[in-house]
Amino acid sequence: MSGPAAGTAHAATTTDVVCLGESMVTFLPSQPGRLADVPSFGRGIGGAESNVACALAAAGHRAAWVGRVGADGFGDHLVETIAGYGVDTSAVRRDPDRPTGIYFRTATDRGTGAHEVAYYRAGSAASAMSPANVPYEELFAGRILHLSGITAALSADCLALLRELTAPRPGRPLVSFDVNHRPRLWRDGDAGVLLELARRCDLVFVGEDEAEEAWGIVGAEAIRAALPEPSVVVVKRGSAGATVFASGPRPGPRSSNAGGADSAAGGAEAGERAAQAAGRDTVTVVPALHVDVVAAVGAGDAFAAGFLSATLRGLPVRDRVRHGHLMAAAVLTVPGDLTAPPARDHADRLVALDDGAWGRLRLGPGWTAADRAHEEVRTP
């Protein structure tokens with residue numbers, strides 16, 4: 001198959017979100033320090049798109065991960081572990097000639113100069129993904145297709161695939177794109193292509209820092225000006241929170257006959273509807289939470305999962321961002337990239353707090369198991 005045909009998407013879907021990308025086996029250090037000094041590592045999994053799929057499945061959504069792994073033990077481990085979160089992995093392809101990617105990292109924060117990552121992914125099975133060898137029927141079977149800029153950096157074939165998947169066509173699901181700029185993956189390429197891809201999508205997640213680094217664009221308003229086409233642009237601003245620009249009809253995935261999710265048109269606030277009817281952006285600013293961070297890894301993927309979860313439920317933009325912050329806080333308060341999210345009723349209760357209570361909320365390790373009668377709302 002050389003590409004998707006028009007009308008590939010199903011009229012009635014059974015999947016909420018399909019995530020495409022490379023997942024790798026990650027080796028986590030047994031203690032802090034340089035890679036040269038760490039004596040042993042524990043095995044885990046890592047991959048932006050599979051992280052999103054796992055978080056969504058753990059939150060009760062029907063999620064699928066599509067990727068390509070080697071016909072090796074590491075590939076077995078990835079598929080089995082991701083499936084263990086409740087993710088549909090039936091469309092994952094095995095490559096008999098290329099290995100599953102792996103990487104090692106230090107325990108330090110990714111944003112510090114001391115952080116080290118050693119990738120062994122060149123020539124991996126995932127880097128061979130192309131428009132000719134992916135299962136388009138499965139990719140377009142969901143209400144949302146979630147992609148990331150990491151895939152575009154893996155190979156020319158992977159970039160061609162993302163161009164195919166982001167091309168406008170009848171029956172295309174809502175396409176979500178996390179820019180996920182990784183500078184070391186673009187040493188021999190032009191990260192400006194991420195801007196091209198983002199402009200072809202419906203919902204875009206991008207950090208202020210990565211927009212400046214990849215494109216030389218500074219500030220949330222300038223980012224939105226450079227991305228006029230997407231219905232929703234979520235600009236992540238670190239400890240300052242997130243700014244969301246939303247335009248046109250209230251954006252959301254097409255409805256599903258499988259049940260369990262509301263239409264994304266429901267529950268819009270009056271001000272939102274009025275601005276959108278006038279053809280203007282609504283701009284929503286939501287402060288970040290105060291979090292006692294255990295490990296600053298996986299938070300971006302968790303934020304995207306929380307936002308997508310609330311989008312599937314048709315919640316207002318502010319609530320979508322707050323759910324993103326809460327899902328990120330769940331991951332930030334554990335050592336790894338993945339963890340069980342808070343129960344939906346618990347998260348909904350926190351999302352409904354007034355602005356003052358939201359600003360006083362401080363979350364630490366174990367907060368996701370908080371009982372309704374013992375909610376942690378502390379002044380930082």
Side-chain angles (χ1 to χ4, degrees), residues 17 20 48 143-153 159-181 186 189-238 240-254 264-265 268-269 271-286 300 303-304 307-308 310-312 314-321 324:
V17 182
L20 168 92
R143 299 174 61 195
I144 296 174
L145 172 62
H146 180 70
L147 308 169
S148 140
I150 294 173
T151 305
L159 174 56
L161 174 60
L162 285 202
R163 284 183 167 137
E164 283 273 11
L165 295 177
T166 58
R169 59 175 44 85
R172 188 181 88 166
L174 186 150
V175 178
S176 165
F177 183 74
D178 193 335
V179 170
N180 258 332
H181 176 239
W186 290 99
D190 177 14
V193 74
L194 296 175
L195 184 60
E196 169 204 329
L197 293 171
R199 293 182 64 176
R200 295 152 64 101
C201 299
D202 304 300
L203 165 60
V204 174
F205 299 96
V206 59
E208 272 192 324
D209 54 348
E210 61 185 351
E212 181 174 4
E213 187 171 25
W215 309 327
I217 298 173
V218 180
E221 290 77 12
I223 292 170
R224 176 51 162 168
L227 292 167
E229 294 88 354
S231 296
V232 178
V233 174
V234 182
V235 180
K236 298 176 291 183
R237 303 170 57 222
T243 299
V244 181
F245 300 87
S247 67
R250 185 173 173 79
R254 65 178 185 273
E269 296 174 349
E272 244 178 274
R273 291 197 299 265
Q276 290 165 352
R280 303 191 306 269
D281 265 352
T282 58
V283 182
T284 306
V285 179
V286 181
F303 179 91
F307 192 96
L308 291 174
T311 297
L312 286 161
L315 302 184
V317 170
R318 186 209 68 167
D319 293 3
R320 299 182 194 193
V321 181

S.K.: Between G300 and D178, what is the shortest heavy-atom contact and its length?
M.R.: O-OD2, 4.2 Å

S.K.: Output, in order, the C-alpha distance, side-chain angles, deciding distance and verdict of side chain to side chain contact (heavy atoms under 4.5 Å, CB included) for E229 and V204.
M.R.: CA-CA 10 Å; E229 294 88 354; V204 174; over 6 Å; no

S.K.: To the closest 0.5 Å, what do you measure between CG (L174) and CG (L203)?
M.R.: 6.0 Å

S.K.: With a 4.5 Å heavy-atom cut-off, do L162 and E196 have their side chains touching?
M.R.: no

S.K.: Please check if the side chain of R200 supplies one atom and the backbone of L165 the other of a donor-acceptor pair under 3.5 Å.
M.R.: no

S.K.: Please report the interatomic distance OG(S176) to CZ(F205), rounded to the nearest 0.5 Å.
M.R.: 4.5 Å

S.K.: Within this structure, what is the CG-CZ distance for the pair L227 and F245, rounded to the nearest 0.5 Å?
M.R.: 10.0 Å

S.K.: Just by modelled atom types, is the G149 backbone N or O under 3.5 Å from a matching donor or acceptor in the N180 side chain?
M.R.: no

S.K.: Donor-acceptor check, side chain of R318 to backbone of T284, threshold 3.5 angstrom: yes or no?
M.R.: no

S.K.: Show every side chain to side chain donor-acceptor pair (under 3.5 Å) that has at least one partner inside residues 204-228, sequence neighbours left out.
M.R.: R224-S247, R224-D281

S.K.: Run the side chain to side chain contact (heavy atoms under 4.5 Å, CB included) test on L145 and R172 for me, step by step, so that the C-alpha distance in whole Å, both residues' side-chain angles and the decisive distance to 0.1 Å come before the verdict.
M.R.: CA-CA 9 Å; L145 172 62; R172 188 181 88 166; over 6 Å; no

S.K.: Could you grab the distance from atom CD1 of I217 to atom CG of L195, nearest 0.5 Å is fine?
M.R.: 5.5 Å

S.K.: With rounding to the nearest 0.5 Å, note down the distance linking CZ in R143 to CG in L312.
M.R.: 5.0 Å

S.K.: Side chain to side chain contact (heavy atoms under 4.5 Å, CB included) for V286 and V244? Distances and angles first, verdict last.
M.R.: CA-CA 8 Å; V286 181; V244 181; over 6 Å; no

S.K.: What heavy-atom pair brings L194 and F177 nearest, and what distance separates the two atoms?
M.R.: O-CE2, 3.9 Å

S.K.: Which heavy atom of R199 sits nearest a heavy atom of A226, and at what distance?
M.R.: CD-O, 3.6 Å

S.K.: Are any non-hydrogen side-chain atoms of L197 and R163 less than 4.5 angstrom apart?
M.R.: yes

S.K.: Identify, with sequence neighbours excluded, every residue that meets ring-ring contact (aromatic ring centres under 6.0 Å, His included) alongside F303.
M.R.: H325

S.K.: Given the rule in the side chain to side chain contact (heavy atoms under 4.5 Å, CB included) test, do V232 and D202 qualify, once you have shown the distances and angles that lead to the verdict?
M.R.: CA-CA 6 Å; V232 178; D202 304 300; over 6 Å; no

